[in-house]
2 protein chains.
Amino acid sequence: MAVTIKDIAKYAGVSVTTVSRALNGYPDVSEETRAKIKKIAEELNYTPNSIARGLVTNKTQTIGMVVSELIKPGVYHPFFLEVLAGIKAGLKKDRYDLILFTVDPESQDATSYEKLCNDRKVEGAIVEGLRLSDPYIEEIKGTQIPTVLIDIPILTDKVGYVSSDNVQAAFEATSYLIKLGHKNIGFINGHKDAAVSFERLEGYKKALEKNDIPYREEYVIFADFTQEGGYNAFKTLIFEHPEITAIFHASDLMAMGSYRAAKDLGMRIPEDISLVGFDDIELASLITPALTTIRQDTFKMGYTAAKHLLAIIRGEKPQHIVIPHKLVVRDSARKL
Amino acid sequence: MAVTIKDIAKYAGVSVTTVSRALNGYPDVSEETRAKIKKIAEELNYTPNSIARGLVTNKTQTIGMVVSELIKPGVYHPFFLEVLAGIKAGLKKDRYDLILFTVDPESQDATSYEKLCNDRKVEGAIVEGLRLSDPYIEEIKGTQIPTVLIDIPILTDKVGYVSSDNVQAAFEATSYLIKLGHKNIGFINGHKDAAVSFERLEGYKKALEKNDIPYREEYVIFADFTQEGGYNAFKTLIFEHPEITAIFHASDLMAMGSYRAAKDLGMRIPEDISLVGFDDIELASLITPALTTIRQDTFKMGYTAAKHLLAIIRGEKPQHIVIPHKLVVRDSARKL
DNA sequence: CTGAAAGCGCTTACAG
DNA sequence: CTGAAAGCGCTTACAG
């Protein structure tokens with residue numbers, strides 16, 4: 001049906017060996033023969049069969065992307081798309097293709113991480129959005145499959161990861177509020193099943209400490225990165241600690257929840273309460289007042305993850321790569 | 001290296017033929033043999049090599065998703081993720097995997113649609129986000145590769161498509177404004193390179209016509225589905241036609257632009273101007289006032305596209321499948 | 001510079 | 001119910 005290397009060989013009057021070598025740019029074939037073969041290949045509209053090649057070379061030129069819960073509201077949802085775009089961009093030059101795996105507890109029962117990757121013979125995988133308690137996490141710690149994680153700190157001889165400097169970012173956000181004159185600063189954090197939550201908490205604490213503001217555990221609420229979580233946490237914080245004048249959030253989505261809660265309580269932003277978010281999702285600049293937040297370069301996270309994965313596949317040593325962030329000052333926090 | 005069917009055959013003392021048949025559930029193998037083989041396969045942690053199987057069966061159990069401009073702001077961006085989640089869900093039962101192709105003018109010069117699909121031997125493809133002027137569009141009209149498009153009307157013996165009833169949806173949105181008492185209704189449409197723009201325009205016109213309101217071409221502005229486009233279009237409409245009391249938008253993103261423009265002009269929503277959007281992106285319910293809009297069931301669009309593609313691959317006849325939409329009334333339009 | 005041959009891991013008529 | 005053999009489309013030592 002489709003034209004094969006064999007057809008070309010027949011037309012050109014050479015062996016399939018020569019055709020293969022000519023088309024793959026091997027030097028040991030005369031330019032004349034190569035030209036002839038190339039011309040015929042083009043005329044016949046030949047497309048190499050990547051499956052057949054994959055079988056013999058044991059390389060598929062494919063990497064996997066493993067994510068959980070694609071559209072359930074969660075940590076990574078807001079910028080999944082940008083990370084994905086970054087990954088695709090990072091894979092482009094080396095002509096790797098991307099196969100997308102979405103996993104859930106049910107599928108994970110049936111298929112281990114290694115099996116998932118081996119079934120499709122991906123040469124490596126990028127993993128995003130898994131909770132720390134996810135069964136794949138333990139497996140990845142011991143895997144021999146080249147893997148790069150996003151925002152999940154695991155480093156082995158085959159596994160690296162990419163993330164923002166969450167400690168530093170949270171430190172900057174909190175310091176900014178302190179510089180504005182705030183002393184009673186709440187923190188609406190993500191859930192305890194994400195490494196970033198602990199890192200951001202650490203940054204928050206560091207900023208307080210550096211400015212001699214005592215850390216008060218009751219000012220910190222672990223929500224779940226969602227809007228609803230933020231909404232409830234805001235109310236709790238304000239009811240129980242009316243002296244709070246500013247709140248730092250571990251995600252913009254949770255900050256959106258605070259906007260809603262503030263409105264419900266008749267509080268004005270930033271007159272009555274100053275808010276700072278994390279992520280810089282599209283919404284952040286569109287809402288009124290525009291949200292001051294930490295921008296993560298999510299495209300670059302994806303791009304870097306892809307490049308690093310390719311490097312690991314080539315045999316380089318996995319690393320933790322830090323992607324620069326930035327505090328974006330808008331209108332949701334005021335000077336006290 | 002990895003364990004193969006041959007290893008199992010050796011351990012079990014049978015031929016590879018029998019192993020293959022036992023593992024694939026063929027009936028013509030004794031239960032005793034099958035049990036033994038299955039047990040050994042499990043013990044050896046055997047994973048079938050899908051590449052090898054693909055080579056002989058000429059089936060890859062893979063479909064492609066073709067999109068352009070993943071993160072550039074555009075029509076499909078706001079709900080790409082949900083469509084994708086729907087596709088994954090639709091593919092799950094039949095155990096098809098998804099390989100993601102992103103295309104741009106440069107890549108399209110080098111690789112035709114057929115070549116893109118044939119290179120990876122995908123059994124079919126779902127296409128989303130191509131402009132009508134995209135070179136792939138013409139190619140898809142003549143392709144023999146099973147294809148399902150999203151929001152792009154092409155119907156051949158191998159190509160079907162899935163979309164909302166855009167005419168009806170725009171008709172309902174406009175009718176809603178008319179019922180509220182509005183007579184001078186502007187329409188900020190998408191660009192002319194999308195089929196949905198023309199369909200929505202038709203629905204807008206139909207609603208006016210049905211209510212004996214003359215259609216005024218100057219009330220319609222073709223923007224580009226983006227926030228900036230909406231912002232500029234709003235200003236133009238309001239400056240040139242201050243009698244306008246309501247505006248229907250072909251996307252929520254453009255409606256967001258109108259929110260911003262209204263704010264800049266000191267106009268209140270809905271007191272001074274009533275707005276209706278299209279899509280129901282997350283933002284729509286979060287912004288103040290919450291945006292009245294048309295909700296598209298984008299998850300279902302993806303799910304249906306996947307199921308339909310599988311059907312076409314099985315030999316069924318391609319169709320145009322319509323996904324139900326819904327007018328979601330919130331606070332951005334008022335009774336006149 | 002070129003070709004014959006083996007082999008990648010599987011499936012599938014065909015024969016028994 | 002089971003096996004020997006051919007073959008899917010390619011790559012790659014090896015020999016010349």
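Just so we're on the same page: letters track the sequence lines, and every chain starts at 1.
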Worksheet item: Which parts of residues 27-51 of chain A get close to DNA chain D, meaning a heavy atom less than 4.0 angstrom away?
Response: Tyr46(A), Pro48(A), Asn49(A)
Discussion item. Within residues 12-25 of chain A, which residues have any heavy atom lying less than 4.0 Å from an atom of DNA chain D?
Written reply: Thr17(A), Ser20(A), Arg21(A), Asn24(A)
Do [X] and [Y] have side chains that get closer than 4.5 Å, going by heavy atoms?
{"X": "Ile150(A)", "Y": "Ser163(A)", "answer": "no"}
{"X": "Val159(A)", "Y": "Val148(A)", "answer": "no"}
{"X": "Tyr113(A)", "Y": "Thr147(A)", "answer": "yes"}
{"X": "Met65(A)", "Y": "Leu84(A)", "answer": "yes"}

Worksheet item: What distance do Ile140(A) atom CD1 and Lys158(A) atom NZ have between them, rounded to the nearest 0.5 Å?
Response: 15.5 Å
Fill in: DNA chain C: stems of at least 3 consecutive Watson-Crick or G-U pairs whose donor-acceptor distances fall under 3.5 Å
C:1-3 with D:14-16, C:5-12 with D:5-12, C:14-16 with D:1-3
Fill in: Distance-only polar pair, side chains of Thr60(A) and Arg53(A), donor-acceptor under 3.5 Å
no
Practice prompt. Verify, without hydrogens or angle tests, whether Asp104(B) (side chain) and Ser107(B) (backbone) share a donor-acceptor contact under 3.5 angstrom.
Written response: yes
Determine whether more than 12 heavy atoms belonging to other residues, nucleotides or ligands lie under 6.0 Å from atom [atom1] of [X].
{"X": "Lys115(A)", "atom1": "NZ", "result": "yes"}
{"X": "Arg314(B)", "atom1": "CZ", "result": "yes"}
{"X": "Lys121(A)", "atom1": "NZ", "result": "yes"}

